[in-house]
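Chain letters run A, B, ... following the sequence lines, proteins first and then strands; every chain starts at 1. Side chains included, hydrogens not; waters and symmetry mates left out as well; all remaining heavy atoms used.
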There are 2 protein chains.
Amino acid sequence: MSTITPPRQRLIEAAEQQFRRFGYRRTTVDDVTRAAETGKGSFYLHFSSKEDAYVAVVEASLERFLAKAEIALHGSGTVPQRLRTLVAVTADHYGDDELLRASLFGEAALVEGAVARRAANIQRGRIRSLLAEALKSGKSEGSIRDTVDVDNAAAVLFEIGWAVVRAEFDASADLPLDAALDTLNDVVGLGLIARTPPEGP
Amino acid sequence: MSTITPPRQRLIEAAEQQFRRFGYRRTTVDDVTRAAETGKGSFYLHFSSKEDAYVAVVEASLERFLAKAEIALHGSGTVPQRLRTLVAVTADHYGDDELLRASLFGEAALVEGAVARRAANIQRGRIRSLLAEALKSGKSEGSIRDTVDVDNAAAVLFEIGWAVVRAEFDASADLPLDAALDTLNDVVGLGLIARTPPEGP
DNA sequence: GAAATGACTAGATTAGGATTCTGGTCAATA
DNA sequence: TATTGACCAGAATCCTAATCTAGTCATTTC
């Protein structure tokens, strides 16, 4: 760890490295400061607590996912196709990002209790906002039915996506992601779209 | 506990009473046999193990729920309305039945580990079968689209319903059941139904 | 002879006390 | 003024003796 890098940056990088490797409880503040080559007191110049440091790492990690999710939601294709892509991107990203997955899907070995709930709430809130924005755009464009309540639909879509991705991670659910996405695309996508009068016979 | 009742019945009733009160781990076989006014060895004449006794109680409890679920699925109204009623009945019943809820929604204080997973698998399997039957009937009647894959749709509908009910039990999800049901009805229900040619202009 | 019983035991779990650890603080140092 | 690391209250862990419990089966009862 180069000490040319500013202390705060070093601490954030060290914190991410340690939390990803060992999880929240097993990582000590001394671990982080040692890895950052700084004193323990300096940690508290940048973070109010160990928990706040963890949340900062979650938020930085979440931005990486959200960048991909934005691309999925603004890509080409119909709304159902884009939602389907979003779920696939989510499953893919969370399959790889153990730190995010642990809090959102309850992997207690890495994080549990109040800090896990706080991290999950942050993720849920941001993903729901993203979905709500996409639904609003869809309504403005006329590709989503006017009667759809944006906030409720965003919340429900979040729960649906969450469940499908969780089922992918849970072998006993016996629901392969591809099959789930096909059915979801079929059922939920169709339920969302606006009905335009047919153009042909 | 009347000893006119046959021992097996007494054991089942006592097992249910004890497991509901104390959960799986805290209930001992001695607790059950004492409440049933029978000897410990008699327990093993009727159940192969403590876990099998628990599963017998889960199965009996599940039948009570499934009876209600059948009524919901065979009631009046459109398919979306009936699915909506099913989710509401589920939330209601599981809200009251702590024993079933503990295994299906992960309340570790009452049951956890292999026995909890076994109980959850039984519930998932039975509910999915019920949904698949309903979807098959719907396809035969022409009220569900022919293109819907029954088993996948049943699995996805289970996951969706499970997520919505879980969100009802989890305050931090911030998704009231009524709002979720409205949106679900709107989105999923519409996605399922068969498109009949309009009869009017 | 069949059914019921409860004493027994191997392994699991718990309780309690000693020891160690750790998040956060702040006096000392650079 | 910024940084450091010793300090400490409370939390967590470890160890070991004691207790508990699921399952068995020899004995008793009907």
Side-chain angles (χ1 to χ4, degrees), chain A residues 1-58 108-119, chain B residues 1-58 108-119:
Chain A
M1 181 73 71
S2 163
T3 52
I4 294 175
T5 316
R8 180 181 172 92
Q9 182 66 12
R10 289 200 326 267
L11 279 166
I12 289 179
E13 285 171 8
E16 177 159 353
Q17 174 192 60
Q18 299 293 313
F19 286 134
R20 282 189 178 281
R21 176 61 190 273
F22 300 112
Y24 181 76
R25 187 171 68 84
R26 289 179 179 85
T27 298
T28 65
V29 172
D30 278 335
D31 290 335
V32 174
T33 53
R34 191 180 307 115
E37 296 179 341
T38 190
K40 189 166 176 185
S42 300
F43 182 90
Y44 294 94
L45 296 178
H46 301 288
F47 305 110
S48 299
S49 64
K50 181 182 172 183
E51 178 173 314
D52 280 356
Y54 190 78
V55 166
V57 171
V58 166
L110 288 184
V111 67
E112 63 184 335
V115 61
R117 287 192 295 275
R118 187 170 160 199
Chain B
M1 179 75 70
S2 164
T3 53
I4 296 175
T5 316
R8 179 182 172 89
Q9 184 64 15
R10 293 202 323 270
L11 279 166
I12 289 180
E13 285 171 8
E16 179 161 352
Q17 174 192 59
Q18 299 294 312
F19 285 134
R20 285 192 175 278
R21 176 63 189 273
F22 300 112
Y24 181 76
R25 189 171 65 88
R26 288 178 180 84
T27 298
T28 65
V29 173
D30 280 334
D31 289 336
V32 174
T33 54
R34 191 182 307 114
E37 296 179 343
T38 192
K40 189 167 180 186
S42 299
F43 181 92
Y44 294 95
L45 297 178
H46 301 288
F47 305 111
S48 299
S49 63
K50 180 182 172 184
E51 178 174 313
D52 280 355
Y54 189 79
V55 166
V57 171
V58 165
L110 289 183
V111 66
E112 64 183 333
V115 61
R117 287 192 294 275
R118 188 169 159 201

Starting at atom [atom1] of [X], determine the distance to atom [atom2] of [N], rounded to an integer number of angstrom.
X: B:D30; N: D:dT19; atom1: CG; atom2: P; result: 17 Å
X: A:Y54; N: C:dG24; atom1: OH; atom2: C1'; result: 21 Å
X: B:R26; N: D:dC20; atom1: CZ; atom2: P; result: 16 Å
X: B:Q18; N: D:dT21; atom1: CD; atom2: P; result: 13 Å
X: B:E37; N: C:dA4; atom1: CD; atom2: P; result: 15 Å
X: A:R34; N: C:dC21; atom1: CZ; atom2: C1'; result: 13 Å
X: B:Y24; N: C:dT13; atom1: OH; atom2: P; result: 11 Å
X: B:R8; N: C:dA4; atom1: CZ; atom2: C1'; result: 17 Å

Check: side-chain hydrogen bond (donor to acceptor under 3.5 Å, both in side chains) with B:S42: which residues, sequence neighbours excluded?
Finding: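 Partners of B:S42 under the side-chain hydrogen bond (donor to acceptor under 3.5 Å, both in side chains) test: B:T38.
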Quiz item: Who passes side-chain hydrogen bond (donor to acceptor under 3.5 Å, both in side chains) against A:D52, sequence neighbours left out?
Solution: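 For A:D52, the residues satisfying side-chain hydrogen bond (donor to acceptor under 3.5 Å, both in side chains) (neighbours in sequence not counted) are A:R118.
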(Q) Nearest 0.5 Å, please: how far is CD in A:Q18 from OG1 in A:T28? (A)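 Interatomic distance, A:T28 OG1 to A:Q18 CD, rounded to 0.5 Å: 7.5 Å.
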Handout entry: Base D:dG23 paired with B:K50 side chain (donor-acceptor, <3.5 Å)
Key =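 Result: no qualifying N/O pair found.
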Discussion item. So for B:K40 and D:dA22, does any side-chain atom that can act as donor or acceptor lie under 3.5 Å from a complementary atom in the base?
Written reply: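 Under the 3.5 Å cut-off, the side chain and the base do form a donor-acceptor pair.
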Using a heavy-atom cut-off of 4.0 Å across all strands, would you classify A:T27 as base, sugar-phosphate, or nothing?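 Result for A:T27 = sugar-phosphate.
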Would you indicate, yes or no, if [N] has its OP1 or OP2 atom less than 4.0 angstrom from a side-chain nitrogen or oxygen of [X]?
X: B:S42; N: C:dT5; answer: yes
X: A:T38; N: D:dT4; answer: yes
X: A:R25; N: D:dT13; answer: yes

Are B:T27 and B:Y54 packed together at the side-chain level, in the sense that at least one heavy-atom pair is separated by less than 4.5 angstrom?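 Result no, sub-4.5 Å side-chain heavy-atom pair not found.
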> How are the rings of A:F19 and A:Y24 set relative to one another: parallel (under 30°), tilted (30 to 60°) or perpendicular (over 60°)?
Replying inline: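 Ring orientation of A:F19 relative to A:Y24: parallel.
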Worksheet entry | Closest-nucleotide ordering on DNA chain C, the 5'-leading residue of A:V29 and B:F43 |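 Result of the comparison: B:F43.
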Nearest to the side chain of A:Y44, heavy atoms from C-beta on, is which of D:dT21, C:dG23, D:dA12?
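Of all the options, the side chain of A:Y44 is nearest to C:dG23.
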